[in-house]
Structure formats: structure tokens, C-alpha cells
Amino acid sequence: MAREDNLPSRRSYERAFKQFAEDVGSDWASMEGELTRTYTDPYNPGPADEFIPQGVVFPASVEEVQAVVKTANKYEIPIWPVSAGKNLTYGGPSPRMKGTVTVDLKRINRVLEVDDELAYCVVEPGVSFFDLHEYLQKNGHQDLMPSVPGPGWGSIIGNGLERGAGQHPYGEMIASSYGFEVVLPNGELMRTGMAAMTGAKTAHLHPFGFGPDVHGLFAQSNMGIVTKMGRWLYQRPEVVMCVDMHFDNEDDYIKIVDAVRPLRMEGTILTMAGLYNLTLQASLFTTRKQWYEGDGPVPPEILQKMKTELGLSEWQLNFALYGTEEQVEAHWKRVQERFKDIPHRADPRPYRKGDVVMHPGDQHQNGIPNMALFGWLNWKESGVHADFSPISPATGSDAKEVYETVKGIAYKWGFDCILSLGVENRFMRQIFLVLFNRYDEEEKRKARLMFEEMIQEYAKRGWGENRTHLAFMDSVAQAYDFNDNALLRFQQQIKDSLDPNGILAPGKSGIWPERFREDA
Ligand code: ADP
């Protein structure tokens with residue numbers, strides 16, 4: 001039996017939408033029609049309406065979210081929360097399963113608290129990185145720097161729950177997010193960690209509170225709708241020094257990874273250090289057509305031409321140093337010492353309080369959101385991408401295996417290898433940009449097959465993905481296969497007990513409630 005066969009009848013949807021209209025106001029509940037179509041994913045590597053929702057509701061308060069959840073339970077209607085709904089490359093605003101109603105939280109959009117001394121803020125789901133930046137600037141909190149992701153239009157909560165990463169001392173955003181308020185799948189309101197105590201003074205300060213920690217249950221999950229979140233902010237130091245280093249030998253990335261890791265581990269470099277290959281550098285501000293009009297990946301001789309004419313390098317390493325003048329000077333000396341035997345050119349750019357930051361990458365390291373990364377899309381006509389995002393150990397030998405594997409598969413399928421390796425203290429975030437023309441059905445088909453092959457090939461080598469598009473959630477969850485997928489079975493057990501009607505985000509991260517489980 002297909003999953004959709006277990007959805008309620010059309011009559012139930014009509015009744016539910018009548019009730020949703022009462023829950024949130026008739027202007028804020030819409031079934032089908034033009035508005036619903038705007039909640040499809042423009043980056044889907046498949047048919048445009050593959051993940052289309054059944055309708056959209058827009059609650060304006062926590063109480064309205066609770067009412068919507070109760071209505072969904074009453075009529076057994078699946079719902080899918082989005083905060084900004086900009087989760088492009090991972091599914092955008094779309095739900096995993098047809099027949100699901102999107103609950104768009106952007107009307108719940110207050111910055112509730114900012115504390116300069118303890119350096120944190122508390123926000124609601126509709127607060128984007130742009131909103132928070134503007135709020136901090138206008139309200140005298142210029143010295144607090146939030147970690148920001150690639151595009152600034154996403155929300156603090158949505159991006160955080162997806163475990164988005166930024167290039168900032170608190171780049172692992174979920175690891176600086178504490179004290180959640182959550183509407184549970186039965187409509188009840190709960191707070192996590194220290195925030196579970198009424199009047200807690202440390203609601204967003206201490207990571208755990210008492211007993212088993214449940215924050216993590218709500219990230220990349222379908223166990224609750226997060227309506228408030230605390231997020232730590234970094235207090236602006238005397239100097240933020242943004243650094244680019246350029247390396248001209250293709251094989252140098254192996255040595256670079258081994259040089260960066262100890263600097264990350266000892267705390268000289270506090271941010272993820274991004275290592276970008278030549279094609280990625282070029283794709284940010286030129287189009288593929290400028291260089292090459294043939295099929296298949298851009299050939300090596302053309303890559304070399306791009307490198308010379310654009311003044312690029314085989315690998316660009318980017319990171320930032322934070323601290324007092326003396327600390328940054330000492331850390332920069334230490335970095336140079338580590339890299340003295342790897343030929344490179346370096347471009348350090350120090351910023352002090354009050355300096356205007358124009359460079360888009362440097363803006364990120366200074367906590368300023370922007371949309372510069374969208375330059376990538378111009379590489380191909382009508383270009384969109386699905387990001388293949390596995391985690392591997394941060395060693396040169398692992399980097400070699402990763403690079404050779406990804407390049408081999410990309411070239412075999414006729415795609416360019418557009419690659420970023422984010423070196424952290426022990427692991428590396430790889431992002432391989434699977435860039436395709438959204439109107440080219442054959443290219444989309446290939447992109448999808450290639451993606452599936454990569455998931456399997458990487459799993460064989462012991463590398464798991466840490467975030468993926470809706471289309472690949474089941475495959476990625478299956479790849480975490482120890483003891484007959486004991487982890488997934490555990491997650492589904494929790495899901496079934498919290499959400500017996502299976503209404504909240506069925507299929508998110510491969511977690512299906514019993515009602516929609518194909519093997520049930
Ligand atoms: P962004 O803020 O980056 O645009 P989205 O709002 O699209 O991100 O959210 C990304 C995903 O995170 C959603 O598809 C959903 O699965 C989950 N999500 C977003 N907001 C919430 C929330 N408030 N509570 C629970 N899950 C959420």
C-alpha cells in the first residue's frame with residue numbers, strides 16, 4: 001500500500017481547513033491554489049511538484065501553533081513546520097510527503113531578549129539572520145556578533161535546527177543554542193534544559209539542565225515545533241583578522257589539512273577553515289559558458305586558463321583570527337610558521353571596531369549576513385544545486401581519499417567537481433555542490449542517480465552525510481545501518497510514543513510514524 005493511501009479523505013481536509021481558518025484567521029489558512037505552489041522546492045532534483053504541500057497555515061502566536069497541532073490531530077492531517085522556509089538545497093519550504101500541510105511560522109517573529117553582558121539572544125521562529133542583525137544594530141548591541149550561515153535570509157531557529165554551520169567561533173550553531181520552547185505533537189508546551197524551571201535565571205546559559213538532555217531530539221527531527229530558542233553570540237574582540245591563503249599545487253590540500261587541524265585543535269584558529277577548489281572559486285563570479293560550452297566537466301586545460309586569467313589558485317584557504325592586537329599577531333605568526341614549507345600567498349585583512357566590512361566572506365566572519373553565495377547559481381544556466389554534505393576525519397590522508405572519490409564520481413557522471421572542505425578540529429565538512437540546470441530533465445535524473453551512488457559509496461568508506469535534501473532522507477537514514485538500523489528504530493519508537501497519530505513532519509530525516517511506515 002502506498003503511503004498516501006493512509007492520508008485522510010478530502011472531506012477531512014476540508015473540515016480541517018475550516019478549523020485551521022478558525023485557529024489562525026481566515027486570511028491565514030489556504031488549501032491548494034497558487035499560494036500552495038509557492039511552497040514547492042525550486043531546487044528539487046526531480047519533478048517540480050514532487051514535494052508539494054496540500055496547503056499552508058500561518059499561526060501568529062504560540063497558542064495558535066498549539067491550536068493548529070490540535071486540529072491536525074483531530075483530523076489526522078500531517079503538518080510540516082518551517083521558520084523562514086529558505087532551506088534551499090535541502091528541500092526549501094517543502095514537506096517530505098504529499099498531503100502534508102505547511103505550517104509557516106514567519107508571523108511569530110520577535111527578538112525576545114538580548115543580553116550584552118552574557119552575550120546571548122532569545123528569538124522566535126520568524127527571526128531571520130538579517131532581522132537579528134538589524135535588531136542588534138538599531139538597539140545598541142553592535143558588539144554582539146551572531147554566527148551567520150551562507151545566505152542571511154534563513155531563520156535562526158530553522159537553520160539552527162537543521163544544524164547549519166557558519167565561519168565564526170560559534171559556527172556549529174546548534175552547539176550554542178540552548179533553552180528551547182517546544183510545542184509537542186500532542187499540542188502541549190514544553191521547555192528544555194534549564195528553561196524547564198519556571199523563572200530560571202540560566203534558561204539559555206547552561207547547556208543541559210537536569211536529567212537526560214533532550215535539545216538534540218528537536219534538531220533535524222519531527223518530534224516538536226520549536227517556538228523559542230536561545231542562541232549565544234560572540235562579543236566582538238579588538239581585532240577580527242580574516243585571512244585568505246592561496247596554494248598553486250593541486251596536491252597541496254593534503255598538507256594544508258594536516259597543517260590546519262592542529263591550529264584548530266589548539267585554539268589558534270577558532271573558526272571552521274574553508275578550503276575551496278579552483279572550480280568553486282571560479283563558479284562564484286563567472287559562468288561556465290564563459291570558459292567552456294562542451295558537455296561533461298570543464299577539462300583540465302580550461303581550468304588552468306581560468307586560474308591564470310582570473311588570478312585564482314588551486315586551493316583557497318579561508319579562516320579568521322579573533323582576539324586582542326597581541327593575540328592576533330601571535331596567532332598569525334603561529335599560522336605562518338605552520339605553513340612555511342607549503343608555498344602560498346597570503347592576504348590577511350584585519351578589522352577593528354567601527355571598520356566597514358565590504359568583502360562578503362569577511363562579513364560572515366564579522367557576524368554580518370549577506371546573500372553573496374548565490375553567485376554559484378550563475379555557473380550553469382538556470383542553475384540550482386543539491387549539496388552532498390558528508391563528514392570525514394580532518395586528516396590529509398582522509399582528504400585525499402575524499403577528493404579522489406568525489407572527483408571520480410562527479411567526472412564519471414559528467415559533472416564539475418565544485419568542492420568545499422570545511423576543516424574543523426577533528427572532522428571535516430565536505431560540501432560537493434551538485435549544480436544542475438533546473439529545466440534539464442536528463443541532467444536532473446543524472447544528478448539524482450549520482451547523489452544516490454555517492455551516499456552508498458561514502459557509506460562503504462565510513463563517511464556519513466550530516467544533512468540532506470528531502471529526496472535522499474530515506475537513503476541517508478538507511479546508511480546509518482549498525483545493528484539493523486538500531487538508531488532509526490529507536491528514533492521511530494520515540495516518534496510513535498510522542499506522535500501516535502503521526503501528524504508531525506512524516507518522513508523528516510527518514511523517520512516515519514507507524515501510520516506511514518511502508519514496512520509497518
Ligand atoms: P531556514 O530558516 O534556513 O529557511 P526552514 O525554515 O526552511 O529553514 O527550516 C528548515 C527545516 O527545519 C524545515 O524543513 C523543518 O524540517 C525544520 N524546522 C524549521 N523550523 C522549525 C521549527 N520551528 N520547529 C521544528 N522544526 C523546524
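Values below: every heavy atom of this structure, side chains too, minus hydrogens, waters and symmetry copies. All ligand and atom numbering here is 1-based and tracks the order in the structure. In what follows, residues are counted from 1 in the order of the sequence shown.
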Next item on the list: Give the atoms of ligand 1, by number and element, whose distance to some non-hydrogen atom of Leu105 is under 4.0 Å.
Entry: 23 (N)
Next item on the list: Answer yes or no for Gly224: is there a heavy-atom contact with ligand 1 below 4.0 Å?
Entry: yes
Margin query: With a 4.5 Å cut-off on side-chain heavy atoms, are Leu280 and Asn277 touching?
Written below: yes
Margin query: At less than 4.0 angstrom from any non-hydrogen atom of Gly85, what atoms of ligand 1 do you find?
Written below: 4 (O), 5 (P), 6 (O), 7 (O)
Item checked: Nearest non-hydrogen protein atom, atom 24 (N) of ligand 1 -> Val226 N, 2.9 Å
Next item on the list: Mind running side chain to side chain donor-acceptor pair (under 3.5 Å) on Gln19 and Asp23 for me, showing each step along the way?
Entry: CA-CA 6 Å; Gln19 184 62 49; Asp23 295 336; 3.0 Å; yes
Notebook entry, point to check: Are any of the side-chain nitrogens in Glu50 or Arg448 under 4.0 Å away from the carboxylate oxygens of its partner?
Noted result: yes
Item checked: Any N or O of Ala84 closer than 3.5 Å to N or O of ligand 1 -> yes
Note to self: Return the OG1 to CG distance between Thr89 and Leu433, rounded to the nearest 0.5 Å.
What the structure shows: 8.0 Å
Check: Counting only heavy atoms, which portion of Gln220 has something under 4.0 Å from ligand 1: side chain, backbone, both, or neither?
Finding: neither
Next item on the list: Fit a plane to each ring of His206 and Phe208, take the angle between them on a 0 to 90° scale, and name the class: parallel (under 30°), tilted (30 to 60°) or perpendicular (over 60°).
Entry: perpendicular
Note to self: I'd like to know whether ligand 1 has Pro81 as a neighbour, heavy-atom separation below 4.0 Å.
What the structure shows: yes
Check: Looking at atom 1 (P) of ligand 1, what's its closest protein heavy atom, distance included?
Finding: Ser155 N, 3.7 Å
Next item on the list: Mark up the atoms of ligand 1 that fall under 4.0 Å of a heavy atom belonging to Ile157, in ascending order.
Entry: 23 (N)
Next item on the list: Could you tell me which atoms of ligand 1, counted from 1 in the order shown, lie closer than 4.0 angstrom to a heavy atom of Leu161?
Entry: 21 (C), 22 (C), 24 (N), 25 (C), 26 (N), 27 (C)
Next item on the list: Measure the acute angle between the ring planes of His385 and Tyr43, then classify it against the limits of 30° and 60° as parallel, tilted or perpendicular.
Entry: tilted
Item checked: Steps toward side chain to side chain donor-acceptor pair (under 3.5 Å) verdict (Thr227, Glu181) -> CA-CA 5 Å; Thr227 48; Glu181 181 182 86; 2.8 Å; yes
Margin query: I'd like to check which ligand 1 atoms, numbered from 1 as shown, lie under 4.0 Å from a non-hydrogen atom of Lys508.
Written below: 11 (C), 16 (O)
Check: Counting each atom of ligand 1 from 1 as listed, which ones have a heavy atom of Trp80 under 4.0 Å away?
Finding: 13 (C), 14 (O), 15 (C), 16 (O)
Notebook entry, point to check: With a 4.0 Å cut-off, would you call Glu32 and Arg10 a salt bridge?
Noted result: yes
Checklist line | Evaluation steps, side chain to side chain donor-acceptor pair (under 3.5 Å), between Gln220 and Asn466 | finding: CA-CA 10 Å; Gln220 290 191 358; Asn466 78 122; 5.4 Å; no
Item checked: Proximity winner for atom 8 (O) of ligand 1, if only heavy atoms of Ser509, Gly158, Ala505, Gly160 are counted -> Gly158
Check: Measuring from His168:NE2 to Met272:CE, what's the distance to the nearest 0.5 Å?
Finding: 12.5 Å
Notebook entry, point to check: How does Asn87 reach ligand 1, if at all, at less than 4.0 Å between non-hydrogen atoms: by side chain, backbone, both, or neither?
Noted result: both
Margin query: In this structure, does ligand 1 have an atom that sits under 4.0 Å from one of the heavy atoms of Phe218?
Written below: no
Notebook entry, point to check: Can you find an N or O of Ser94 that's nearer than 3.5 Å to an N or O of ligand 1?
Noted result: no
Item checked: Carboxylate-amine/guanidinium proximity below 4.0 Å for Arg429 and Glu172 -> yes
Notebook entry, point to check: Which ligand 1 atoms, with their elements, are less than 4.0 angstrom from a heavy-atom of Lys86?
Noted result: 1 (P), 4 (O), 7 (O)
Note to self: As an exercise, identify every atom of ligand 1 less than 4.0 angstrom from a heavy atom of Asn159.
What the structure shows: 2 (O), 3 (O)
Notebook entry, point to check: What part of Tyr90, side chain from CB on, backbone N/CA/C/O, both or neither, has a heavy atom under 4.0 Å from ligand 1?
Noted result: neither
Note to self: For atom 20 (N) of ligand 1, what's the nearest protein heavy-atom neighbour? Residue, atom name and distance, please.
What the structure shows: Ser83 OG, 2.8 Å
Notebook entry, point to check: After noting the C-alpha distance and the side-chain angles of Tyr322 and Tyr234, does the key distance pass the ring-ring contact (aromatic ring centres under 6.0 Å, His included) rule?
Noted result: CA-CA 10 Å; Tyr322 296 76; Tyr234 198 68; 5.5 Å; yes
